[in-house]
Amino acid sequence: MSDWVVRGGAVLSGTVSVQGSKNAALPILAATLLAEEPIRLLNCPVIRDAENMLKILRSLGCTVRREGDDLIVDSRTASDFVLPTALSGELRSSIFLLGSVLSRFSEADAPYPGGCEIGNRPIDLHLEGLRRLNAVIEERGGRIRCRGGRLRGAVVDLDYPSVGATENIMLAACRAEGRTTVRNAACEPEIVDLQNFLRACGFRVHGAGMPTVVIDGVEQGHGATYRVMPDRIAAGTYMIGAAITGGDVTVTGMQPDAVDTLLYKLSACGCEVTKTADSVRVRARGRARGVAFTETRPYPGFPTDLQPQLFSLLSVADGNSVLVENVFENRFRHAQELKRMDAKNRILDRTAIITGVERLHGAEVIAHDLRGGAALVLAGLSAEGETVIRHAERIERGYERMDSVIGRLGGSVIRKEDGIDQEEKTQ
Ligand code: EPZ
């Protein structure tokens, strides 16, 4: 377990080039199984979730190596279709592998991913979609066993625009016989990035980013070199860091349009937001103003993955704010932790009523999940005094050296592994 000690009273300022996208890299890594030739990935983030995905790929027989910042994945040696329980259990997004393993080996055997801190995360839409492609799926003893022969293209109507289900079906359909049409597909930018990667490998996919995605199956893909898109959630997190600390941060190497809804919110909070083709600058102009109403929605709505971080900002804003979480049923666990820092909020089912306070105070808090942990870092930076964040390893699942990034922006986050300052260890 690792703790992070966050020093309060920070004012973040400066420039940060944002990491590669976790939520684009994970399905793309799963898709490397479809190419059967070496893949060179650029800008793949060095984060725990990606490392765990690489371990799973190795366990299936792939060879994985780094060449400088590039990642080379060669699935020619892959031979196993059974996903390891421990790793797959820790990494929920291993469920994306179901579609690509099934497509590659005509069968797949995976542990049920189970729920996590933000909700019970069912996979019914994934399994229904694979069954529509003629997969025979048995769920027994906490495992999912799929057999399929060559999958057959079909029309798949998703009851909900699930990101993971859309990606899983795209991956399974790439080598299926005939055409697959996914309707009510998720439209997130990460789906477009997956499509662009698949097309670079010779697969025939189009329509991603819109509610209907069409995949025409081909026998097999080929190798490619591909650059993973920038992480829009990490970018948004550091922008909110500027707003909550009264700072001035420019995030470069990003896609501003992918976080338009956040830019609008930050302007509504009183920040000065300026963007170029690949950067956004956020300058706080005094204390943020509260925002009457915000609700999370599938893209292009306000992203659920930035809800906790906005929650922290609104906790110190001038005025009251209402925040509704429509995507996950249990994604307010950071609210209680913020209260330990003297925040004022009330949670009524999926609605948070936030009363902004002048100042939070450092406390000992728990990172219950990845984005909730990031929200507590932001709150700690703006608080008076020191905040200790327990289980900070959960933050490292999705943020590439957030402590160093914040250090470069003028903040202080010290990592303690089993109580020993990492900073001391490196001196
Ligand atoms: C992806 O999760 C992201 N993870 C999540 O990011 C993100 O919050 C989410 O999409 C929504 O944008 C990755 O890409 C690795 P969903 P996913 O399927 O695919 C319900 C982060 O912090 N649902 O769109 O699991 C589900 O319960 C993570 O980076 C079903 O009911 O999200 C949820 O309420 C957190 N049945 C809603 O849909 C299903 O079969 C959205 O889930 C699948 C989903």
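Read the numbers this way: they start at 1 and go in the same order the structure lists the ligands and their atoms. No experiment lies behind these values; they were computed from the predicted model shown.
Under 4.0 Å is where a charged nitrogen must lie from a carboxylate oxygen, and between Glu51 and Arg48 no such pair does. Using a cutoff of 4.0 Å between basic side-chain nitrogens and carboxylate oxygens, Arg65 and Asp74 are not scored as salt-bridged. The existence of a salt bridge linking Arg350 and Glu295 is excluded, since no basic side-chain nitrogen approaches an acidic carboxylate oxygen closer than 4.0 Å. With salt bridges taken as basic N to acidic carboxylate O contacts below 4.0 Å, one links Arg143 and Asp109.
The side-chain hydrogen bond (donor to acceptor under 3.5 Å, both in side chains) test applied to Glu364 returns Arg390, not counting sequence neighbours. For the side-chain hydrogen bond (donor to acceptor under 3.5 Å, both in side chains) test, residues two or more places apart in sequence or in another chain that qualify with Arg331 are Thr304, Asp305.
Of all atoms in ligand 1, listed by their number and element, those nearer than 4.0 Å to a heavy atom of Ile118 are 35 (C). Distances below 4.0 Å separate heavy atoms of Ile123 from the following atoms of ligand 1: 39 (C), 40 (O). Remark: ligand 1 atoms within the under-4.0 Å shell around heavy atoms of Leu370 are 22 (O).
Heavy atoms of Tyr299 found under 4.0 angstrom from ligand 1: none, in either backbone or side chain. Looking at Glu190 against ligand 1, nothing comes within 4.0 Å, counting heavy atoms. At a 4.0 Å heavy-atom cut-off, ligand 1 touches Arg331 through the side chain alone.
Using a 4.0 Å threshold on non-hydrogen atoms, atom 43 (C) of ligand 1 counts as touching the protein.
Checking side-chain atoms of Glu325 against main-chain N and O of Val327 turns up a donor-acceptor pair under 3.5 Å. Although no hydrogens or angles enter the test, the distance criterion places no donor-acceptor pair under 3.5 Å between the side chain of Arg340 and the main chain of Ala363.
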* Asked: Between Val249 and Val282, does a side chain to side chain contact (heavy atoms under 4.5 Å, CB included) hold up when you go through it step by step?
  -> CA-CA 5 Å; Val249 172; Val282 175; 5.6 Å; no
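At least one N or O atom of Asp124 sits closer than 3.5 Å to an N or O atom of ligand 1. Below 3.5 Å of separation, one finds an N or O of Leu125 facing an N or O of ligand 1. Looking at Lys22 next to ligand 1, an N or O pair under 3.5 Å apart turns up.
Glu393 and His391 share a donor-acceptor pair across their side chains, judged by distance under 3.5 Å alone. Judged purely by distance below 3.5 Å, without hydrogens or angles, the side chains of Arg371 and Tyr399 pair a donor atom with an acceptor atom.
In terms of protein heavy-atom proximity, atom 32 (O) of ligand 1 is nearest to Phe328 CZ, 3.9 Å. Among all non-hydrogen protein atoms, the one lying nearest atom 18 (O) of ligand 1 is Ser162 OG, 2.7 Å. Atom 22 (O) of ligand 1 has its closest protein heavy atom at Arg371 NE, 2.9 Å. When hydrogens are left out, the protein atom nearest atom 25 (O) of ligand 1 is Arg121 NH2, 3.0 Å; that is the closest non-hydrogen contact. Val163 N, 2.9 Å is the protein heavy atom nearest to atom 24 (O) of ligand 1.
Which of Asn23, Asp369, Val327, Asn168 comes nearest to atom 3 (C) of ligand 1 through a heavy atom is settled by distance: it is Asn23. Around atom 39 (C) of ligand 1, the closest heavy atom drawn from Gly164, Ala24, Pro122, Ser21 belongs to Pro122. For atom 28 (C) of ligand 1, the candidate residues are Asp305, Asn330, Leu127; the nearest heavy-atom contact is made by Asp305.
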